[in-house]
Amino acid sequence: MKSLFEAYDLRGRRLGNRIVMAPMTRARARDGVADLQTALYYRQRAGAGLVVSEGTPISQEGTGFAFIPGIWSKAQVSGWDGVTRAVHAQGGTIFAQIWHVGRMSHTSLQPGGGQPVSAGAIPARDDKSMAFAFGEDGTAGFVEASVPRPLRTEEIARVVDDFANAAANAVEAGFDGVEIHGANGYLLEQFLNPHVNDRTDRYGAGNVEDRTRFVLEVVDAVVARIGADRVGIRFSPFGKLFDMPHYPQIEETYLHLAAALQARGLAYVHLMDQGNAAAPAISEAFLRKFRRAYTGTLILAGSMDKGRAERLLRDDLIDLAGFGQPFIANPDLVDRLRRDLPLAKPVRETYYGGGAEGYTDYPAYEDGPEARVA
């Protein structure tokens, strides 16, 4: 029987267990460069079989949060090098999540104060569609995402190349691989969703081949640059985060992608279940369909706990289980799960921005006191 705590072979990389630390934005990089505090944060959590970094933008244009570490400049590569060395010193494996937010940005974060880019010109306007950017007084906080402009057809190759360059930079920085961010309402998903993508060119949403074209071009460019065994991708089927309405062709779209990625031999596919964020959960029926189309390493994250993870492993529906928020307050989450120890509760007000408080000051269980146990 599969166990969360057994080793796993990820395309020739030995993971110490089947637990994945899922990517989480923390907005602690004041100058956009990972620093010693970033390295400490990831080192503390390197007990996960696989650590996936917070989303790290591929360009200034791709940025949607202030104070997040990017991966397009030499300084940023150098900063991340300190992080990967810290994780590897603990015997860990770490992938960089490479990210373009598309329309989920704000003019204060864009080059020259310009409009964010997207598949179309439709802005995100539900009550959660906020960028962590700068207001008129220069103070950082959550502000309504700006109205985007559609990427011109001839610009798309530039964005694809930005992803490939970011992947090469990640390898230079010592990451074991990259996870392409295709989930949570960001740029790649904006191309997949016909309610957001109203294009009429070959990247339009009128048929499954066109609406998945951009995603697969990004995958192919990244694979060509660093090799398929170093590349994963994240999706959030049925997710509604950041004003992504459902559409009739959701299953067709993601099962088409599953088959296409099966042929490409990636390191993994990572599905994000947004069932805890006002969206329908990924059903086990859909998970079985996806599993039939894609037989490589499959990660599921979202509303995950030990019992659910072990059941999904036992039923061969997933290979690795992703945990996000539990890692915030439990740097030793793997040990706590193994020993059935109580979990500390994170302080939501310290999720984004600030310093060490709520970031690197959560103790391991043995280091107590457990003042924050849920």
Only distances under 3.5 Å count here; give the side-chain donor-acceptor pairs of residues 31-38 to other protein atoms, sequence neighbours excluded, each with its distance to 0.1 Å.
from : atom 1 : to   : atom 2 : distance (Å)
D31  : OD1    : V33  : N      : 3.3
D35  : OD1    : Q37  : N      : 3.1
D35  : OD1    : T38  : N      : 3.0
D35  : OD1    : T38  : OG1    : 2.9
Q37  : OE1    : A356 : N      : 3.0
T38  : OG1    : D35  : N      : 3.0

Quiz prompt | Presence of salt bridge, D315 and R291, under 4.0 angstrom | solution = no

Exercise. Work out which heavy atom in R230 is nearest to a heavy atom in F175; give both atom names and the distance.
Key: NH1-O, 3.8 Å

Quiz prompt | Minimum heavy-atom distance between Y294 and L266, given as atom pair plus value | solution = OH-O, 4.0 Å

Quiz prompt | Spacing of CZ belonging to F134 relative to OG1 belonging to T139, to within rounding of 0.5 Å | solution = 9.5 Å

Quiz item: Between CG of D273 and CG of L271, what distance do you get to the nearest 0.5 Å?
Solution: 9.0 Å

Quiz item: Counting heavy atoms not belonging to R264, are there more than 12 under 6.0 Å from its CZ?
Solution: yes

Quiz item: Checking T84 side chain against A173 main chain: does a donor-acceptor pair fall under 3.5 Å?
Solution: yes

Practice problem: List the atom of H270, the atom of Y268, and the distance in Å for their closest heavy-atom pair. | Solution: CB-CE1, 3.8 Å

Self-check item: Close side-chain approach of Y8 and N17, heavy atoms under 4.5 Å
Solution: no

Quiz item: With a 4.5 Å limit on heavy-atom distance, are the side chains of N169 and I58 in contact?
Solution: no

Quiz item: What's the spacing between I19 CD1 and L4 CG if we round to 0.5 Å?
Solution: 5.0 Å

Quiz item: S146 and Q115: side-chain donor and acceptor closer than 3.5 Å?
Solution: no

Quiz prompt | S78 and D81: CA distance, side-chain angles, deciding distance, side-chain hydrogen bond (donor to acceptor under 3.5 Å, both in side chains) verdict | solution = CA-CA 5 Å; S78 178; D81 180 74; over 6 Å; no

Practice problem: Please report the C-alpha distance between R202 and E217 in whole Å, then the side-chain angles of each, then the deciding distance to 0.1 Å, and finally whether the salt bridge (charged side-chain N to carboxylate O under 4.0 Å, His left out) criterion is met. | Solution: CA-CA 12 Å; R202 66 182 184 275; E217 285 186 358; 5.0 Å; no

Quiz item: Once you round to the nearest 0.5 Å, how far does CZ of F327 lie from CZ of R45?
Solution: 8.5 Å

Exercise. Determine yes or no for a side-chain-to-main-chain donor-acceptor pair under 3.5 angstrom, with E252 supplying the side chain and V208 the backbone.
Key: no

Quiz prompt | Option among Y254, F235, F238 that satisfies the ring-ring contact (aromatic ring centres under 6.0 Å, His included) test with F286 | solution = F238

Self-check item: Output field: ring centroids F67/Y352 closer than 6.0 Å
Solution: no

Quiz item: Is any side-chain N of the basic residue among R213 and D220 closer than 4.0 Å to the acidic one's carboxylate O?
Solution: no

Self-check item: ILVMFWY cluster membership beyond V147 - transitive side-chain contacts under 4.5 angstrom
Solution: none

Quiz item: Do L187 and V101 come within less than 4.5 Å of each other through their side chains, counting heavy atoms only?
Solution: no

Quiz item: Any salt bridge between E366 and R339, counting N to O under 4.0 Å?
Solution: yes

Quiz item: Taking atom types as modelled and ignoring hydrogens, do the side chains of D201 and T153 form a donor-acceptor contact shorter than 3.5 angstrom?
Solution: yes

Quiz item: If only atom types and distance count, is the side chain of E189 paired as donor or acceptor with the main-chain N or O of N184 below 3.5 Å?
Solution: yes

Practice problem: Tell me whether I122 is reachable from L241 by hopping between hydrophobic residues (I, L, V, M, F, W, Y) whose side-chain heavy atoms are closer than 4.5 Å. | Solution: no

Quiz item: Do L15 and M21 sit in the same hydrophobic cluster, where Ile, Leu, Val, Met, Phe, Trp and Tyr count as joined when their side-chain heavy atoms come under 4.5 Å apart?
Solution: no

Quiz item: Using 4.0 Å as the upper bound for N to carboxylate O, is an ion pair formed by R338 and D332?
Solution: no

Exercise. Tell me yes or no: between the side chains of Y42 and E54, is some donor less than 3.5 Å from an acceptor?
Key: yes

Quiz item: Taking atom types as modelled and ignoring hydrogens, do the side chains of Y362 and Q44 form a donor-acceptor contact shorter than 3.5 angstrom?
Solution: no

Quiz item: Would you say the side-chain atoms of Q262 pair up with the backbone N or O of T295, donor to acceptor, closer than 3.5 Å?
Solution: yes

Self-check item: Heavy atoms from other residues, nucleotides or ligands near CD of E154 exceed 12 (cutoff 6.0 Å)
Solution: yes

Quiz item: Hey, mind stepping through R18 and E310 against salt bridge (charged side-chain N to carboxylate O under 4.0 Å, His left out) and telling me if it holds?
Solution: CA-CA 10 Å; R18 292 176 181 256; E310 290 183 331; over 6 Å; no

Quiz item: Are E144 and R125 within salt-bridge range, i.e. N to O under 4.0 Å?
Solution: yes

